[in-house]
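Written out below as structure tokens is the structure these notes cover.
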Amino acid sequence: MNDTADNYRLDRVTISKDAIRVRVSELASEIEREFRGREVIMTGVLKGAVIFMSDLAREIGPSVDVRMDFIAVSSYGNSSTSSGVVKIIKDMDVYAEDKNIILVEDIMDTGLTLSYLTEMFTARRPKNFKICVLLEKPERKKADVVIDYKGFTIPDEFVVGYGLDYAGKWRHLPDIWRVTDKG
Ligand code: 5GP
């Protein structure tokens, strides 16, 4: 892919906002069942997970003591291919040790980013470490990562919307769209 969004256009909606709403509420129920009566630090990976995590957190009832935190990462090297080596641009505000952490990410593509983050978080000795991902592209998988809460499985297509961007564009769209080459 090119560095500019100018060569790409929205093709079609692949997951509608209604389907997202239903699935997010199901995921929230799963988290609620598992963490009732306990504190959970939902840790979103900026910026892609912001919209997903905001909706997910609001679907979790008061029976769970939900806290919110964020990390920001950037991968070394080429931006369109994940190297798996991740630089932490912004870390959590609280210590993860002995805490219930749910890492919230927009999409798992090769899995290299999440594999790196899993190692990093595990070394911090949290009480529980769970991964919640909105989208997974299994065809591209290179690293074995256990996803505890997954929204949707999608084919190997580039998607935007609901927090996911292309060159900074289209994050705000309420549905998930496939993008395509203008040519
Ligand atoms: P991984 O390390 O799993 O290959 O990389 C995951 C990251 O690649 C995601 O956090 C996201 O930034 C980016 N990515 C992978 N596939 C897509 C896609 O279809 N759409 C968008 N917007 N980003 C993607």
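Start at 1 and go down the list; that is how both ligands and their atoms are numbered.
- Considering each of V86, I107, V133, the one bringing a non-hydrogen atom nearest atom 13 (C) of ligand 1 is I107.
- The shortest distance between side-chain heavy atoms of K169 and V160 does not fall below 4.5 Å.
- Distances between N or O atoms of G111 and those of ligand 1 include at least one value under 3.5 Å.
- When non-hydrogen atoms are compared, ligand 1 lies under 4.0 Å from the side chain of D106 (C-beta onward) but not from its backbone.
- Inter-residue side-chain proximity for L117 and I88 is flagged as met; some heavy-atom pair is nearer than 4.5 Å.
- For a threshold of 3.5 Å applied to N or O pairs, the pair formed by L114 and ligand 1 contains no separation below that value.
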What do the steps show when you test E97 against R124 for salt bridge (Lys or Arg N to Asp or Glu O under 4.0 Å), and what is the final call?
-> CA-CA 5 Å; E97 187 170 348; R124 295 177 177 187; over 6 Å; no
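- In this structure, Y162 and F52 have tilted ring planes: the angle between them lies in the 30° to 60° band.
- No part of R140 comes within 4.0 Å of ligand 1, judged by heavy-atom distances.
- Within the structure, the closest approach of E157 to ligand 1 falls below 4.0 Å when heavy atoms are considered.
- Side chains of L135 and K137 form no contact here, defined as non-hydrogen atoms less than 4.5 Å apart.
- Atom numbering of ligand 1 starts at 1 in the shown order; those under 4.0 Å from a heavy atom of E105 are 10 (O).
- Around atom 22 (N) of ligand 1, the closest heavy atom drawn from D165, D156, V160 belongs to D165.
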